[in-house]
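The structure appears below as structure tokens.
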Amino acid sequence: MRAFLENDVPARLKDKVANGKRLDKADTEQWHALLNGRGWLANHWPTEFGGPGWTAVEKFIFENECAVANTPRIVPFGVNMLGPVLIKYGSTAQQQYWLPRILDGSDWWCQGYSEPGAGSDLAAVRTTAVRGVDADGEHYIVNGQKTWTTLGQHANMIFCLVRTDREAKKQEGISFLLIDMTSPGIEIRPIITLEGEHEVNEVFFTDVRVPSANLVGEENRGWNCAKYLLTYERTNIAGVGLSVAALERLKRVAANTRRHGRPLADDPAFAARMARVEIDLENMKTTNLRMIAAVAGGGVPGAESSMLKIRGTEIRQEILSLTRRAMGVYARPFKQAALEADYDGPQVGPAFAHAASAQYFNNRKLSIFGGSNEIQKNIIAKMILGL
Amino acid sequence: MRAFLENDVPARLKDKVANGKRLDKADTEQWHALLNGRGWLANHWPTEFGGPGWTAVEKFIFENECAVANTPRIVPFGVNMLGPVLIKYGSTAQQQYWLPRILDGSDWWCQGYSEPGAGSDLAAVRTTAVRGVDADGEHYIVNGQKTWTTLGQHANMIFCLVRTDREAKKQEGISFLLIDMTSPGIEIRPIITLEGEHEVNEVFFTDVRVPSANLVGEENRGWNCAKYLLTYERTNIAGVGLSVAALERLKRVAANTRRHGRPLADDPAFAARMARVEIDLENMKTTNLRMIAAVAGGGVPGAESSMLKIRGTEIRQEILSLTRRAMGVYARPFKQAALEADYDGPQVGPAFAHAASAQYFNNRKLSIFGGSNEIQKNIIAKMILGL
Amino acid sequence: MNFEHTEERRMLADTLDRFVAQQYGFEVRNRIAASSRGFSPDMWGQFAELGVIGALFGEDDGGFGGAGFDIAVVFESLGRGLVLEPLLGSAVLAGSAIAHAGSNDQKAQLAGIIDGSVIATLAHDEPDTHYELARVQTTARRDGEGWVLDGAKAVVPHGEHANLFVISARTVGAVDDERGISLFLVPAGVAGLSVLGMPTMDGGRVAELRLDGVRLDAHALLGEEGGGYATLEHAVGRGVLALCAEAVGAMEAAKAATLDYLRTRKQFGVPIGSFQALQHRMADLLLEIEQARSAVINAAAALDAPRIARERALSAAKTSIGRIGTLVAEECIQLHGGIGMTWELPLAHYAKRLVMIDHQLGDEDHHLERYITLGRVAA
Amino acid sequence: MNFEHTEERRMLADTLDRFVAQQYGFEVRNRIAASSRGFSPDMWGQFAELGVIGALFGEDDGGFGGAGFDIAVVFESLGRGLVLEPLLGSAVLAGSAIAHAGSNDQKAQLAGIIDGSVIATLAHDEPDTHYELARVQTTARRDGEGWVLDGAKAVVPHGEHANLFVISARTVGAVDDERGISLFLVPAGVAGLSVLGMPTMDGGRVAELRLDGVRLDAHALLGEEGGGYATLEHAVGRGVLALCAEAVGAMEAAKAATLDYLRTRKQFGVPIGSFQALQHRMADLLLEIEQARSAVINAAAALDAPRIARERALSAAKTSIGRIGTLVAEECIQLHGGIGMTWELPLAHYAKRLVMIDHQLGDEDHHLERYITLGRVAA
């Protein structure tokens, strides 16, 4: 696998990631295709659907090695999110049609979970789907709005939680629908995040017609799919590999930045900050492996992953914060064009200065998205602590 | 005033405080008498009752100067707690009888507020007082238990919150009673705190007869007295002077302890810890003065004092924690006898090693007693933040 | 002890607050931030007319303020409004340097700075300084009566659009020696001075300067040859105070926005401000902000104190603000959730400014170390 | 990767846990803590019989364990029960030193240590060392075939009641030189050795040692002359692991007690565990304790690794445990409120032990600095 990462992944891709450059759609498609060629793309899937049959630990190691090697990340919406839901709840027809298209990149999926004003309360679904029949057959008419749709600008398909029974209690009456993004009545609008990037979107649905064949599982039972998706094998939620890669970069920066005539890495205060987070990360690696082992042994995946998510995101945010600190006065200048791989304008400040602050600010999202760390603590209090 | 602190306060007293030695009852009585001789003991009282007529800032400065000079502390239960209640709610007869006795030390008061299991919920009063009449006149019969009664072992009088109406809602039906500790039916038992000292007590009441003349204010309106007492001029709740004195001591210890052949005060990590808390304390001095000024100008004493209490206790606890750290391996040995002023056995470790850990552990109470810091945050959220 | 500001200061603050609220709203501000100048000449003129620049100078220098609390009041107001105009670089940094060390002829420039017609800036940081005030690699060597400067200057505030630079250069001594630093007044457009402008993460623009054989005449020297450090410390100290006060203004705005959000935003059917865990975090934040405000007051009060007391108070303030500003930024984003991550929300821009203030004139770690070192000198 | 312990270790842990729970309850423990010995010879014998001491030694040394995970399992169990018996000083510190450097004759003492008949201890810290391992002021000079030792040793575990001391002394070199430290095996009662015992804050007893011309014969030298540092590092490293594991045991007990309290204690009519602010703090504490446990696993796994990797893992563990142990102690007291301040509550004693562990064999700051220094060596 290391040979693959070293030799078969184009240097262009790895350089982009290492240097904090923007990845475009083609980059991700190339990476997915490379992995699919090896049979490693859908590494969470059972072998009968094309998975490699890895253990949880093997998956963990694979994803960490990729991160450390600065590969792009797998865009998870199709492979890691929808795939498992279809495998568990989809009809055979749905599995046979959609799963291969996830693997070969025919579809780029995005996620229609969050709604404006709902935040981490995913069950607060107000987007409606009303069942009807017309000349073309059974269908749903969908109206409403989804938000925080990551990379939705690249997607041709979206899986959505929609409300199919308005009378039912909150978590009942929700259904899980697959919707073609090119359907009439869908509008996608970018959300610009605080550092100026376009990564997330709003998606508006106005009388969008969805064939009822695109319902996954039973009507009004979509919450089961949602919950399953949220807790499915989140072995890498702590992002240990990404933190290792980020820490390596931080160390390089700190070794090459000087303060009082010596490397910043030798400044007592900065060295202490780096050492603290390095130790926390070393501990986290083991915590992560322990939790994977516990889950394999019949633990509590939901609550365990809450623990990994909180501390994992805190560690990564701290590393990115230190990388920003290391830039000194050069943390402020910020030219979006310099995030492009082919930028050939002037570079100022230490290596990586062009992206350090942007990554720091962008990754404040880590403790918010995917269930805020506060929600995760609520889960821990209830599920593990019994409070 | 500085001349008084320098010349007129016996060195024996100041040495005891500076060296973390135990103060006995006579020490406090001597200190109260000294202050009373100057008219400075009841410095919160109006001049007509014997107060010096100081402004809030003057009181603040006085108490801080005392702390920095390592004087004993004023035991507050009579002077600063009961006194103001009597002045506001007491009858003329009560004022004329009890106030002079507070000043001249005839009575040592203790506080009967907390009850077992109530914690910071002071209104959860279960100690009962039932009114009756007998040959000796109107009286109450008191039954119940009080706890965390600081220095109750020295006291001849206790002021208590008692429940006089069991049917009433929680904060109604409470009365404020003055009870002679020598009354039949009172039993006092020591509570030993974690470091091994006897500072607080439990007080048990079994059919204790209290003359109804000892009721302060109206029956069932005792909660007013309680609230008033809790918010009365808590200008010094942050304990800035005590922190300044503790920081001075810490600096001396750190200057005289060596690590890597140089003073611990010059160790980068330790110096950074000390500097952080010193800066926080410098800021706190100004925060405290600002809040006093705001109160004088019509602010919110209750909630302001919550802010001072939280940060003030955190700062003091941090200084005491660093003092413990500075002791190195000598933080562990602990001989209670060495806390006595006349101890002449072997001393081990740096100066103050005999008391550093004990003071650290004992002062974990700062963030618990007098309304835990969590309760204070609830108050801030409600009163200041409007949440 | 009186924590009320003087009548004049309160009036200025009220005027400024009103002007910013009415004229420098969020949309206007963001347009200015993204503009090619990074500030607005029109607004700049209006700030000058309001007397905001003059309030930062003493009467001897043609102003009507200049004390620590004048700086604090003005910059807190600027921070509340996220104002991008070149007050720090022109009035505080360059202006203070000229006022501190300038000859009468040089001080004549102050009138232009105060009326807004001259935009000055301080070019002192260099690519490798990492906040060290005495580390100056740019050199100045005598050339007949005049001087020749060579070197580079980093992240100079609004450097593209300044008319006048105060530039530090080493005339003698080791690279980090406090002695041997000289200051020069350099007009924009002088031969050999190249300016590379760029936008910043928190709005507005900065510039990299290159000096390749920049020839200056004898009158360009500001203050004594080799004696520029004291002037730098003076000017940067006032800049530190300004940034700290600006941060407190931004913290107050961020806090208010967050409290408002906590009170109105509902989740699971109740306002999220009713969740105790969030309440306690806001209470902590409130405490921290009050401590930050006290740090600014301490620094403002110490601005005319003897050197060690003054510089320690300034470093205490900047290290406090560095830590607390970042905490406030991160917590306010977190408490807002996803919406706090978006460009359209003013809070996000306050948060960016708060974090970036820690990267100007010395960060939390730099000033903590400096506070300790100064304390050792004092002991 | 397998985080399950071996069958043998699990059996030992179960036996030990059961023994401690049944025989070494809180009242018994506190009686022992306050006793004149500070431990219980009777209990000590039973621990020896259970094989607890033997589990800490390798087979070559007459034990049946001795690996990192053996130490971790035993000491976590001891920590859960706040056990005061001299396992750290006798079996881990002195025992490891003898096993590491002893001649065959000297290693013969190990049998007595393992069967409990010999109580050994390590006398290494000195009044001015402040955790520096190489700082040794006590001197040993040659005297004919033998040696004469002079100096002082600080806070020696159960020093009054040890039969056998491993004492470090400098034979050559500067006071903080790693080279030139020699170790000596010294029987109790030797002329010139005075022992001053005293109680500790966390139960049990320690002693100050004075050495005034202590004469030892040639056989007293443990290991090579001047080469004691490596043995010290070996023994202290195992001691660090033991303390870290003990701390994790104590943390688990403190956490369990606090959770129990939060579930049962009511205030304002509801269990205080229903307050979200406290829930989130407990969740944080849980995360920290899990990280502490991982740190111990990392250290145990690294115990046979090459020096830098091993010592970094040990220092990483001790600095983690120093920070987290104190945090757990303070938070658990705070969450208990007043009752957490009382002697009668076991929690208070767990808290004291957790804080005091940071004062043994190097505190949080010491080990963080050491971790950094070792990393620089590695780079």
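Here is the naming used below: chain letters follow the sequence lines, and residue numbers restart at 1 for every chain.
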field: D:Gln276, part contacting chain A, at a heavy-atom distance under 4.5 Å
entry: side chain
- line: Taken to the nearest 0.5 Å, the spacing of D:Asp284 CG from A:Glu314 CD works out to 6.5 Å
query: For the side chain of D:Arg293 and the backbone of A:Thr287, is there at least one donor-acceptor N/O pair under 3.5 Å apart?
result: no
Which atom of A:Ala272 lies closest to which atom of D:Leu368, heavy atoms considered: CB-CD2, 3.9 Å
- prompt: Above 12 or not: heavy atoms from other molecules or residues under 6.0 Å from CZ of A:Arg73?
  reply: no
- prompt: Taking non-hydrogen atoms and a cut-off under 4.5 angstrom, which of residues 276-284 of chain A neighbour chain D?
  reply: A:Arg276, A:Glu278, A:Ile279, A:Asp280, A:Glu282, A:Asn283, A:Met284
- line: In short, ring pair (Phe, Tyr, Trp, His ring centres under 6.0 Å) pairs touching residues 365-387 of chain A with sequence neighbours left out are A:Trp148-A:Phe369
- request: Using the side chain to side chain donor-acceptor pair (under 3.5 Å) rule, take D:Gln279 and A:Asn378 through it: C-alpha gap first, then chi angles, then the decisive distance, then the call.
  value: CA-CA 7 Å; D:Gln279 290 178 349; A:Asn378 288 347; over 6 Å; no
- prompt: Just by modelled atom types, is the D:Glu290 backbone N or O under 3.5 Å from a matching donor or acceptor in the A:Arg290 side chain?
  reply: yes
message: Is A:Ala265 close to chain D through its backbone or its side chain, or both, or neither, when contacts mean heavy atoms under 4.5 Å?
response: backbone
- prompt: With D:Ser315, which residues qualify under side chain to side chain donor-acceptor pair (under 3.5 Å), at least two apart?
  reply: D:His367, D:Arg370
- prompt: Which pair of heavy atoms, one from A:Ala275 and one from D:Ile372, lies closest together, and at what distance?
  reply: CB-CG1, 3.5 Å
- line: With chain A, the option among D:Ala292, D:Ser274, D:Ala316 that has the most non-hydrogen atom pairs under 4.5 Å is D:Ala316
message: Ignoring hydrogens, what is the shortest heavy-atom contact between A:Ile380 and D:Ala283? Give both atom names and the distance.
response: CG2-CB, 3.9 Å
message: Which one wins on heavy-atom pair count under 4.5 Å against chain D: A:Thr55, A:Ile310, A:Asp266?
response: A:Asp266
message: Heavy atom to heavy atom, less than 4.5 Å: which residues from residues 245-254 of chain A reach chain D?
response: none
field: Heavy-atom closest pair, residues D:Arg376 and A:Ala271
entry: NH2-CB, 4.0 Å
query: Regarding A:Thr286 and D:Ser294, is there a side-chain donor-to-acceptor distance under 3.5 Å anywhere?
result: no
message: Tell me whether A:Arg262 at atom CZ has more than 12 heavy atoms from other residues, nucleotides or ligands lying less than 6.0 Å away.
response: yes
task: Could you grab the distance from atom NZ of A:Lys377 to atom CZ of D:Arg281, nearest 0.5 Å is fine?
output: 11.0 Å
field: Proximal component of A:Met291, with respect to chain D [non-hydrogen, under 4.5 Å]
entry: side chain
